[in-house]
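Input: a single structure, listed below in structure tokens.
Hydrogens, waters and symmetry mates play no part in the numbers below; they use all other heavy atoms, side chains included. As the structure is a prediction and not an experimental result, all values here were calculated from the model. Below, chains carry the letters A, B, ... as their sequence lines are ordered, and counting in each starts from 1.
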Amino acid sequence: METKISFTLNGKKVSLSTDPLRRLLDVLREDFGCTGVKEGCSEGECGACSVMFNNKMVTPCLIPVGAANGQDIMTIEGVSKTELGQRIVQAFADGGAVQCGYCIPGMVIAAYNLLLENPNPSEEEIRLGISGNICRCTGYDLIVESIKLAAKRGR
Amino acid sequence: MIAEELTRDISTAMRRLDAVEKSEGTAKYVSDYDFSDCLWARMVRSSVPRGIIKNIKLPKMPEDYYWVSAKDIPEGGHNYLHMIATDWKCFADGDVKYVGETIGLVVGPDKTTVEDLREQIEIEYEEQEPAVSIDEGVACKGGAFVNGNNIHCHLKLETGENVEDVFKRCDKVVEETIETGYQEHIYLETNGACCIPEGDHYVIYASAQCPFYIRKSIAPVLNIDPDKIVVRQATTGGAFGGKEHFPDVLCGPLLLAAYKTGKGVKMFFDREEDIENSVKRHPSKVVFKTGLDKNGNILAMDSKVYYNVGAYLASSFVVLQRGCFHVTGCYEFPNMRTEGFGVATNSFPSCAFRGFGAPQTLFAIETHMCHLAEMYGVEPLEYKSRYFIKQGDNTSTNGKVVERVMIPEMLEQVLKASDYKRKAKEYKYGTGKGIGIAFYNHGGAFTGNGEQAIIKAKCRMHKYPDGTVEILNSQTEMGQGFHTIIPKIAAHVLGIPVEKIIYKDPDTSRVPDSGPTAASRSTMIVGRLVEKAAQQVKERWNEKEFEVETHYEHPDGFPWDQSTFQGYAYLGYGWGVCVVEVEVDPCTGEVTTKGIWSSHDGGHLIDELIVHGQVNGGVIQGIGWASTEVLQNVKGHFKQTSMSDYIVPTSMDYPKQECFFVENPYEWGPFGAKGLGELVFNGSGAAYIDALSRAIGKRIQSIPCPTEQVMLYMLNGKDIEEAL
């Protein structure tokens with residue numbers, strides 16, 4: 001049954017009429033063109049689709065769009081335009097964090113989520129902060145180093 | 001790039017050209033394209049490992065919905081995919097040989113309706129008894145279905161004297177079997193493609209490693225010239241070999257669907273579908289028979305190498321060949337006999353995966369060497385050191401090692417950093433702490449003269465009037481950094497900023513065929529062609545606009561006979577040494593990796609940061625293969641079908657690595673570089689298992705070895721020093 005759903009997406013009020021059980025992931029990609037939100041596993045395991053939901057990281061492959069009604073959502077498209085998001089993007093580029101790139105928007109979100117809460121994380125805290133995001137290319141070391149670099153540049 | 005950067009050594013790290021767009025989420029992978037005018041397709045596949053298709057009961061197809069199967073192949077068309085062999089069918093026809101074999105496509109405008117129709121299709125089989133494992137395949141369980149003996153392919157190599165004669169003079173002849181399991185690629189982006197008819201040709205967008213392979217493979221389905229198929233690679237979210245030939249399995253049926261419907265047709269796999277129905281690393285079994293003198297010195301070695309090829313041969317003979325060529329690892333043994341068998345089974349066909357057959361035999365020889373050492377009470381490093389291969393030594397194919405082998409230098413780096421010698425002495429077997437070491441190599445590019453005889457790579461470079469230069473070849477970026485290092489090579493030769501260089505994802509209608517992006521060949525072979533093209537462009541720089549083309553030429557003096565597999569298999573190997581240290585919880589069997597140290601020889605590195613990323617990723621993928629990545633095939637069905645139950649490493653599982661390199665320029669590579677992307681996978685698994693085995697004091701002869709298996713070894717395993 002179609003329902004009107006409204007939420008804030010990357011700082012703008014949006015609304016649509018749709019089945020409230022559709023996955024938020026599909027709505028973001030198909031209805032709002034946020035293709036930076038990547039589908040990796042469809043079960044909340046890999047973190048590729050991570051977005052900020054009321055300033056906390058979630059995986060929208062597990063969230064029905066009805067649950068987004070009235071909430072605040074930031075995708076990579078919005079996060080990368082913030083000062084912190086762009087600082088992470090630049091640090092990822094300088095630190096060699098990016099290979100195939102498919103996990104990277106989710107990784108940037110995970111780093112953003114971490115640095116918002118903890119601007120000076122330790123190596124262990126960084127590894128924990130991105131542990132819900134699977135990367136098959138990098139072995140994580142250069143992602144961890146890049147997050148350290150982003151934190152350092154924010155000081 | 002600023003002018004100053006051009007004056008630095010090419011190894012100095014440069015920012016990847018694709019890093020920002022990938023980080024901001026604007027890079028377009030194939031599922032990000034707007035294909036809203038195209039129809040959706042879903043595959044209907046075999047649910048039994050072996051059987052005769054008795055009946056296919058289709059629901060009534062609504063208007064604009066289609067069933068596409070072998071029957072739709074037009075007259076003159078062929079129902080096969082031309083990979084290397086041509087046995088893999090585009091659609092099952094009459095019978096099925098593995099679970100997941102393509103039977104047909106349901107195609108139509110609405111995704112949900114397509115899925116509903118697919119679920120209504122009923123297929124009736126007369127089931128036959130399948131052979132699933134290597135042993136079942138060899139035993140022809142259920143009756144042979146390939147060549148009368150279930151051996152798809154076979155080869156034999158010999159060096160020195162006849163090993164049977166040598167065995168007679170040996171003090172002891174021991175036998176050991178080493179096994180490795182399936183590995184799933186888990187590229188983060190699953191497979192997907194779209195085929196659109198445009199005028200008299202078809203355009204394919206795909207997540208793929210090898211655009212020209214797709215054309216060649218699927219053109220026979222419609223019996224059309226490959227030029228009538230244009231393949232455009234989309235940004236590819238990881239591949240590791242899993243998108244070398246496998247995209248053909250999507251694109252063949254999509255081509256036929258586009259032909260039948262006259263419309264564009266798209267198909268994207270979700271993760272479960274991708275894990276259950278895609279190619280894997282070949283499971284292997286290597287049976288060693290080693291003849292020793294009374295001091296434990298190796299006098300002769302016989303190895304029988306069995307790879308589980310699956311139902312269709314496709315590219316597996318080449319995988320088996322590479323496996324057999326690498327069975328001697330980094331060693332020279334006096335007398336060798338190696339036989340390889342590609343075993344037909346009713347399981348999903350195995351195909352390329354980083355290392356292409358070499359990791360299995362390298363794991364086997366490293367592990368066997370440790371066990372021989374331990375049996376004689378010799379420290380494994382000391383034992384292995386007796387046989388290190390050097391420049392000029394004989395290889396498994398009776399060629400010579402052409403280059404300088406810097407194992408001693410690499411070894412010194414990792415021994416020092418890891419404090420290996422002290423720890424190896426201090427950590428007694430079975431005390432919960434262990435340190436292990438492995439040596440490995442990887443022959444760069446296609447075997448022998450294959451680059452000249454088979455691939456015939458071509459590369460073009462175009463200079464435009466505004467001073468920009470375009471590089472035209474078919475190599476793909478799939479994460480390894482190639483689309484950064486190639487413009488970097490050209491910029492350094494031409495002395496112009498990298499921003500003046502254009503290098504796009506390949507479109508087969510615009511670029512020459514420079515061969516597949518595979519076999520650790522792209523940098524050393526195509527990179528060299530780009531370097532040469534740039535030199536030619538530089539010489540003619542004052543001309544306004546022109547194009548140059550360079551062709552691969554194999555250096556003289558290194559003969560290779562592909563019919564007998566004799567001669568110089570590889571001119572340039574990458575070399576590696578890896579040390580891993582672990583601690584094992586005596587109650588739970590849980591393993592904590594305490595340190596990982598490696599050194600690699602990739603010639604003169606084109607970009608140290610990109611290479612660093614390759615090492616980190618390859619090493620972790622190799623340890624994953626040896627430890628947590630359990631993928632079982634039960635009665636033809638993969639048992640692990642999601643990322644919740646197929647366990648790849650996370651950021652918490654391994655400590656930060658220490659990576660070292662040696663400077664060993666390769667004569668025929670660009671700026672002295674050689675292949676490295678596969679090498680870095682090839683040895684970490686063996687080092688990890690060596691460490692684990694010492695920590696628990698038990699012999700490990702099979703991987704993967706997850707925690708529950710460690711526990712079983714601790715309870716019931718054979719002692720590490722027991723006689724083989």
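Annotation: side chain of A:C137 is not in contact with side chain of B:Y187 (no heavy-atom distance under 4.5 Å). Counting only heavy atoms from C-beta outward, the side chains of B:M652 and A:E124 approach each other to under 4.5 Å. Contact annotation: the side chain of A:E39 never approaches that of B:T190 to less than 4.5 Å [non-hydrogen atoms, C-beta and beyond]. Taking the side chain as every heavy atom from C-beta outward, B:L188 and A:C46 approach each other to under 4.5 Å. In this structure, A:R29 and B:D32 have side chains that are in contact, with non-hydrogen atoms separated by less than 4.5 Å.
Across every non-hydrogen atom of B:L609 and A:D94, the tightest pair is CD2-O, 3.6 Å.
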query = Between A:K81 and B:E24, is a side-chain contact (heavy atoms from CB on, under 4.5 Å) present by the stated rule, with each step listed?
reply = CA-CA 9 Å; A:K81 289 186 180 69; B:E24 292 183 339; over 6 Å; no
task = For side-chain contact (heavy atoms from CB on, under 4.5 Å), just list the numbers for A:I134 and B:M643, CA-CA rounded to whole Å, side-chain angles, deciding distance to a tenth of an Å, and then say yes or no.
result = CA-CA 10 Å; A:I134 299 290; B:M643 285 174 73; 3.9 Å; yes
ask   = Is there a side chain to side chain donor-acceptor pair (under 3.5 Å) between A:E45 and B:S642 once you walk through the steps?
value = CA-CA 9 Å; A:E45 192 69 36; B:S642 72; over 6 Å; no
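With a 4.5 angstrom heavy-atom cutoff, A:Q90 touches chain B via backbone and side-chain atoms both. Only the side chain of A:V108 comes within less than 4.5 Å of a heavy atom in chain B; its backbone stays farther off. When heavy atoms are compared at a cutoff of 4.5 Å, A:S131 approaches chain B by way of both its backbone and its side chain. Proximity to chain A (any heavy atom under 4.5 Å) is restricted, for B:F240, to the side chain, taken from C-beta onward. Looking at B:S31, the atoms closer than 4.5 Å to chain A (heavy atoms on both sides) sit in the backbone and in the side chain alike. For A:Y140, the part sitting under 4.5 Å from any heavy atom of chain B is the side chain, from C-beta outward, and nothing else. Neither the backbone nor the side chain of B:F681 comes within contact range of chain A; no heavy atoms are under 4.5 Å apart. Interface residue B:I620: only side-chain heavy atoms are found under 4.5 Å from chain A.
Side-chain atoms of A:E43 and B:S644 include a donor-acceptor pair closer than 3.5 Å.
Ionic pairing of A:E145 and B:K656 is present here: one or more N-O contacts between side-chain nitrogen and carboxylate oxygen are shorter than 4.0 angstrom.
Around NZ of B:K594, the count of heavy atoms belonging to other residues, nucleotides or ligands within 6.0 Å does not exceed 12.
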